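This one's a predicted model, so the numbers in the text were calculated from it and none came from an experiment.
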Amino acid sequence: MRMRGRTVVVVVAAGLMTGCTADAAPVATASAEPSVTASESPTATPTPTPTVDVTVPPERPEAMGTASADGAAAAASYFISLFPYINATGDLTEWDALASPECDFCAGVRANVTDLHSRGHRNIGDAEILASTGTEVDAGRWYSARLHVVIAASVDLDRDGAIVDEHPEENREIDVVMTWSDGWTIDEVGPAATPTT
């Protein structure tokens with residue numbers, strides 16, 4: 001799913017590729033017995049991996065109920081996990097409940113989703129949060145979280161289900177700034193800050 005107009009976020013990190021080495025080929029040995037040719041068996045067609053139904057809203061994690069570093073990480077993860085759902089359905093209820101009116105990123109995503117659905121389109125694609133870490137900035141008030149997110153390749157579909165646009169996979173690390181006041185408010189989302197050396 002693609003975050004249009006987002007300077008960020010979300011939502012990713014570089015994947016590690018592991019290489020496989022082939023075993024050395026067996027050395028043929030002479031044998032008095034005739035060789036037997038194995039018959040080819042039919043190759044099974046791989047079954048596609050089931051995809052997540054992005055039209056079902058994600059569940060709020062229990063940890064979101066606490067003003068703590070863990071609660072901040074859970075709240076940030078939940079907020080970003082709403083991205084595929086709002087793009088697929090246009091339902092911004094939970095997004096709006098968490099987003100601060102001053103959050104530019106939040107407003108930008110909202111505007112893009114509203115525009116997409118006003119044209120009768122929807123975006124289908126998933127996002128996976130690979131890691132999340134919360135930080136307490138001012139106990140009981142201000143927090144931040146860093147997320148590592150992979151946004152899967154996605155497609156925009158029209159009313160008839162025809163593909164009208166395609167978006168590549170994105171791998172990002174993002175920072176989420178938030179406030180606690182009897183619940184979480186997302187103040188801003190942006191690319192992860194580069195550590196100073």
Side-chain angles (χ1 to χ4, degrees), residues 1-17 43-61 64 73-132 145-178 184-192:
M1 127 204 93
R2 178 178 171 220
M3 295 189 160
R4 294 178 178 57
R6 53 191 190 266
T7 55
V8 182
V9 178
V10 192
V11 169
V12 116
L16 298 175
M17 304 288 287
T43 304
T45 303
T47 305
T49 304
T51 56
V52 175
D53 184 355
V54 293
T55 63
V56 175
E59 289 187 30
R60 273 182 172 248
M64 269 184 74
S77 296
Y78 173 71
F79 187 68
I80 295 308
S81 72
L82 288 168
F83 196 79
Y85 172 71
I86 64 176
N87 274 287
T89 65
D91 178 4
L92 290 154
T93 307
E94 278 290 286
W95 185 268
D96 290 344
L98 289 168
S100 165
E102 285 78 39
C103 175
D104 292 336
F105 169 83
C106 308
V109 168
R110 184 182 212 296
N112 288 328
V113 169
T114 300
D115 176 64
L116 182 74
H117 285 269
S118 71
R119 291 182 279 123
H121 296 179
R122 64 191 187 281
N123 176 271
I124 303 298
D126 196 16
E128 182 180 5
I129 297 163
L130 302 182
S132 62
R146 178 160 293 180
L147 305 180
H148 178 175
V149 182
V150 172
I151 304 167
S154 67
V155 293
D156 289 354
L157 305 177
D158 66 13
R159 287 183 177 87
D160 301 320
I163 296 175
V164 294
D165 203 356
E166 298 182 44
H167 312 286
E169 178 180 287
E170 297 180 38
N171 199 326
R172 299 172 177 254
E173 282 198 3
I174 60 168
D175 286 334
V176 181
V177 178
M178 63 198 82
W184 293 103
T185 299
I186 305 300
D187 298 314
E188 197 51 81
V189 179

Would you confirm whether H117, through its side chain, and N87, through its main-chain N or O, come within 3.5 Å as a donor-acceptor pair?
yes
Would you check if [X] and [Y] make a side-chain contact, meaning some heavy-atom pair closer than 4.5 Å?
X	Y	answer
I186	C106	yes
I86	D91	no
D104	E188	yes
R119	V164	no
N123	H121	no
T114	L92	yes

Testing the basics here: between [X] and [Y], what is the closest heavy-atom pair and its distance to 0.1 Å?
X	Y	answer
V54	P84	CG1-CB, 3.8 Å
A76	M178	CB-CE, 3.6 Å
I129	S132	CG2-CB, 4.5 Å
Y78	E59	CD1-O, 3.6 Å

Evaluate the side chain to side chain donor-acceptor pair (under 3.5 Å) criterion for residues D156 and H167: first the C-alpha distance (whole Å), next the side-chain angles of each, then the deciding distance (0.1 Å), finally the verdict.
CA-CA 8 Å; D156 289 354; H167 312 286; 3.2 Å; yes
Begin with the C-alpha distance, continue with both residues' side-chain angles, and end with the deciding distance and a verdict on side chain to side chain contact (heavy atoms under 4.5 Å, CB included) for E169 and V150.
CA-CA 7 Å; E169 178 180 287; V150 172; 3.7 Å; yes
Classify the ring geometry of F79 against W95: parallel below 30°, tilted from 30° to 60°, perpendicular beyond 60°.
parallel
Derivation of the side chain to side chain contact (heavy atoms under 4.5 Å, CB included) call for D165 and V155
CA-CA 6 Å; D165 203 356; V155 293; over 6 Å; no
Using 0.5 Å steps for rounding, measure from the CE atom of M64 to the CG atom of L98.
5.0 Å
What pairs with D96 under side chain to side chain donor-acceptor pair (under 3.5 Å), at least two apart in sequence or on another chain?
R110
List in chain and number order the residues that pass salt bridge (charged side-chain N to carboxylate O under 4.0 Å, His left out) with R122, two or more places apart in sequence or in another chain; answer none if no residue qualifies.
none
